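Supplied in structure tokens, the structure appears directly below.
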Amino acid sequence: MERMQQIVGRARAAFSSGRSRPLEFRIQQLKALERMVQEKEKEILAALKADLNKCGPNAYSHEILGVLGELALTMEKLPSWAAPQAVKKNLLTLRDEAYINYEPLGVVLVIGAWNYPFVLVMQPLIGAIAAGNAVVVKPSEVSENTARLVAELLPQYLDKDLYPVVTGGVPETTELLTQRFDHILYTGNTAVGKIVMAAAAKHLTPVTLELGGKSPCYIDKDCDLAVACRRITWGKYMNCGQTCIAPDYILCDPSIQSQVVENIKATLKEFYGEDVKSSPDYERIVNQRHFKRVKSLLEGQKIAHGGESDEASCFIAPTILTDVSPESKVMEEEIFGPVLPIVTVKSVDEAIEFINYREKPLALYVFSNNKQLIRRVIAETSSGGMTANDVIMHSVVPGLPFGGVGHSGMGAYHGRYSFETFSHRRACLIKDLRWEALNKLRYPPGSMEMMHLAKFFLLKQCNRSRVGQFISALLAAVKAVVAKVLCPQRKV
Amino acid sequence: METGAVFPQLPESEARRAPEGDGGNGSVDGDATRNPFEGLVSHLRASWLSGKTRPMEYRMAQLKALGHFLDDKKQQILEATASDLGKAPFEAELSEILLCKNELHETLNNLSCWMKDEQVDRTLAMQLDSAFIRKDPYGVVLIIAPWNYPIHLFLVPLVGAIAAGNCVIVKPSEVSKKTERLVAEALPDYLDKDCFAVVTGGVQETTRLLENKFDYIFFTGSPPVGRVVMTAAAKHLTPVTLELGGKNPCYVSDTCDVTNVARRVAWGRFFNAGQTCIAPDYLLCTIEMQEKLLPALRKAIDDFYGPNPRESPDFGRIVSDKQFQRLRALLGSGRVAIGGQTDEAERYIAPTVLVDVQPLDPIMQEEIFGPILPIMIITNMDEAIDFINSRERPLAVYAFSSDDKVVNQVLERTSSGGFCGNDTLMHVTLPSLPFGGIGNSGLGTHHGKFSFDTFSHHRGCLKRGMGWECLNAPRYPPYSQQKFGVIRAMSKVRCKNDCTLL
């Protein structure tokens, strides 16, 4: 308890000193992070390989590339993001300064996850630093090599007091959550998300929760199945299915089910060769516990492809299940593994109903040549984000917010949204101490005349010309001011 | 929250429905442990799922109906708030009618623009695609309102919730009894009963209401209850906006127009008999400034309310006996310099200024929420800023000075929900400014477009074509060294503008 208190206390003192606020300082820290990623690339890739058997190219493009891109974007845009934003004024505030000031929140906590262990602490960290905060980083203990590396590297490149790394498991995280933070960004599962939010509630700490769920993937009969299945295969089996926005299950018409299976099988061969286990590009399940969990989902299912496993190496082959019952275990929880169930539905109506009956997912996918159908699926469902005719890709568009809804999470980040998540938008109105005459409109004693004037100045009329408003307001104001000045006594 | 009358009142449509999931025994009474609001929430969720609230025309019609509610029931609203809080007609019309209509008009004028999908910048590789942010409604929203601006503080969020396409349950405060009854009886006649409901009751009913799953909860009230609401929301992972409170400091520098400062501060402090979450809670100034301010404050109070404010139709009353007792006890802090008179029967507390107040006095330990203004003496601006920063972050910080630099210093060196230089309260009358707290004073914002954004889920959407599959080739395994080389090379070129997964 004391250790956590000390770490957070030091971060808070460092934040209170004000040194994390100047833009130059923030950019300097971000540049240092960039150097760290470039200089220590080998070590980072080695850690990812050790934790998840992620090969170099995969690790580079999924984790390092994204981080470098986020750093470059943030350093370039920070001055414009952080600048005060002037807002539209009304007649009463025409002479005043009215703007939104972007201010740091204070000390924020970033809790990472194990499936993309590097990018999932780095990307939030980048936004939090950019917004001028102190940041406590808690990488996932499950991806222990990356956690250890982050704990070693960050203090070498960044301000030690402002950006401490805390390692450990459940007991350490629980302790950490008793401390007071000014924002918590948590990536992980729904159950722990509830615990994090409940802990945050004690301190009225705002939270961003990047959770999960079962991301549905609807394949329409009218689509290029070969292309669709190749894209789905890529998104489903990357990182051995351990991706929060992987297409979790497929919904399609029974008549195309076997074609879907054949196409995916063909693509798997293309990607990983005849013997998947010996492909250097295929990852492993992160640990024994998850291995057993994913394997148990296969019980009682019709395995159309795959199903092989090896406990010693936590290997589960890319697997496809067909004619899956909606009530089965594999359809109850987020799979987070290389198992792809296909549930048949007779129409897009049935698909939409199926999706809406369940918790809102983090991502939603639909494949179709029919633009109307795509529009309908988007309009009649809800999800964190979605991609049509591909998978995963909405999460890499820098201008799109990335986050969940309902059980899949709350809040969003990436790019500018990270900056805004970790900032306080402070409303600022600076008036003049003179021009008291106009204020007389609002002071007691009240009168009907004053009310009419207040209406002119405050009330936005629908479809009334600006000029007309202004002129009548001006005349009324002159009248009122003259009246008050000439007759200052109270009207009872 | 105070316990008021205990009468859970569900709209007719709910009373008629048989409870769902009654275990097949068909009994309308159900068992005692069943949540009394479960049926209502399910009904509203079904309405939302039907898509009824999505079309813009529907939302506009409901919003216009809200406007009619304000117009038709204006007199009753003025009477109810006068009865509940002794609210002056001018104040009531300004805060409960005018400012609400302002929000309505702002929303009606801009809704079609706000609802549009927002196109975003795409990477080089995605020029053929369509990337946009969709504003989806959350579903069933709960709005819990307090008693001090009993119409405004449910209606303004309600405008945003309706505009965003949600179904809404409104829970007005049981403390402002007459207004609660007015809202429960009259509002459902104006809005679609399948999608909007009013629930009444006290702490018990609200606790049971919070056991249900909502898709968003908007709460205005005190920090302790804010914690309770957020804890309840955590069980369902329901996002929240909490508009709470705190002690809003008001710094007055030595260089200022004392007369104007006194008027603006007095207006902000004594509006609604001090029962305003953004009222200047306490003043910070030097002893010299205090000497100048006291006569100016006395004059301002006299100009506003006359020599005996108790007789002024423009000065309000305290909402309840409990609040009255609490405030009367706070008069013991420091020394009364102006006012101090009270009348228990009327729940009247005169506009009061206290001096010789110490930081540890009771009046400096809680949000005052009454017509009492303590003055704390400091020797300079730095001391004032340190004092402000040693306390919980408030909903608003006020600074008065003829010197721009002083105002800016206070702004830059403190943190608060909002800030107003050289005036009080006014920053919340601009719908283009976000209204919300930070830390203990709240989380989230609303007003104007911020309300619409608060009640919408911003969904990132990407629509791609099925063609040009060759462009995707670099992302697929198997990864040869050559492919890896290509990825790295491209990343070095692109990093500046558009790093993306290939």
Side-chain angles (χ1 to χ4, degrees), chain A residues 55-57 61 65 68-69 72 87-88 90 93 98 103 193-194 197-198 201-202 204 206 224 227 234 271-272 281 356 382 385-390 393-394 396-397 399-402 405 407 410 424-433 436 443-446 451 454-455 458-460 462 490, chain B residues 49 88 90 93-94 98 101-102 105-106 108-109 120-121 131 136 226-227 230-231 234 237 239 256-257 260 267 304 306 314 402 407 415 418-423 426-427 430 432-434 438 440 443 457-464 466 469 476-479 484 487 491 495-496 499-501:
Chain A
C55 68
S61 60
L65 202 62
L68 288 174
V87 300
K88 203 170 70 164
N90 57 21
T93 45
E103 302 178 359
K194 288 181 183 169
M197 188 172 172
K202 296 202 173 68
L204 290 169
D224 184 337
V227 171
W234 168 72
F271 286 177
Y272 304 115
D281 301 322
N356 286 341
S382 183
M386 64 84 55
T387 300
N389 293 330
D390 206 340
M393 297 304 284
H394 62 282
V396 304
V397 179
L400 288 180
F402 180 71
V405 66
H407 273 209
M410 59 179 79
H424 172 57
R425 285 183 301 188
R426 191 176 188 195
C428 299
L429 180 67
I430 318 286
K431 297 186 77 86
D432 202 305
L433 257 186
E436 185 63 357
Y443 295 149
M451 181 49 63
K455 280 181 182 162
L458 278 177
L459 202 57
K460 287 181 177 294
C462 294
R490 289 167 45 77
Chain B
L49 276 172
F90 181 85
E93 188 156 355
L94 179 65
L98 202 63
K101 294 193 89 174
N102 210 14
H105 290 173
E106 170 86 357
L108 285 166
N109 284 343
V120 301
D121 286 337
D136 282 342
R227 283 189 190 88
M230 190 170 170
T231 305
L237 287 170
C256 66
D257 181 329
N260 291 349
W267 176 72
F304 292 170
D314 295 315
S402 324
V407 171
S415 177
F419 178 91
C420 189
N422 293 328
D423 211 333
M426 293 305 286
H427 58 293
L430 250 190
S432 52
L433 282 176
I438 185 175
N440 247 32
L443 55 99
H457 167 58
H458 287 219
R459 190 181 188 187
C461 300
L462 178 66
K463 280 192 201 165
R464 313 202 78 189
M466 294 272 220
E469 182 62 359
Y476 299 137
Y479 302 114
F484 191 14
I487 295 173
S491 81
C495 254
K496 278 281 169 205
C499 255
T500 181
L501 273 179

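In the text below, chain A, chain B and the rest are named by the order of the sequence lines, each starting its count at 1. The figures here come from the full heavy-atom set of this structure, side chains too, leaving out hydrogens, waters and symmetry mates. All values reported here derive from a predicted model rather than from experimental measurement.
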Under 4.5 Å from any heavy atom of chain B - which part of A/Lys194: both
A/Glu103, part contacting chain B, at a heavy-atom distance under 4.5 Å: side chain
Option that, when pairs with chain B are counted at under 4.5 Å, heavy atom only, ranks first among A/Asp281, A/Val87, A/Val405: A/Asp281
Max heavy-atom pair count under 4.5 Å with chain B, selected residue of A/Leu400, A/Ile430, A/Asn356, A/Thr93: A/Leu400
Backbone of A/Leu433 reached by a side-chain donor or acceptor of B/Asn260 within 3.5 Å: yes
Atom pair CD/CG of A/Glu436 and B/Asp423 - distance to nearest 0.5 Å: 7.5 Å
Nearest atoms (heavy-atom pairs only) where A/His394 meets B/Leu462: N-CD2, 3.7 Å
Distance in Å, A/Ser382 OG paired with B/Leu49 CG, rounded so as to fall on 0.5 Å steps: 10.0 Å
Partner chain B: residue of A/Ala98, A/Ala198, A/Pro401, A/Cys55 with the largest heavy-atom pair count (under 4.5 Å): A/Pro401
Interface moiety of B/Leu237 toward chain A, non-hydrogen atoms closer than 4.5 Å: both
Contacts of B/Arg227 that satisfy salt bridge (charged side-chain N to carboxylate O under 4.0 Å, His left out) - sequence neighbours left out: none
Any B/Lys463 side-chain heavy atom under 4.5 Å of A/Asn389 side chain: no
Residue pair B/Pro477 / A/Phe271: nearest heavy atoms and the distance that separates them: O-CD2, 3.3 Å
Side chain / backbone / both / neither for A/Met410 at chain B, heavy atoms under 4.5 Å: side chain
Part of A/His407 lying under 4.5 Å from any heavy atom of chain B: both
A/Asp432: salt bridge (charged side-chain N to carboxylate O under 4.0 Å, His left out) partners, not counting sequence neighbours: A/Arg434
Closest non-hydrogen atom pair between B/Ala131 and A/Val397, with its separation: CB-CG1, 4.1 Å
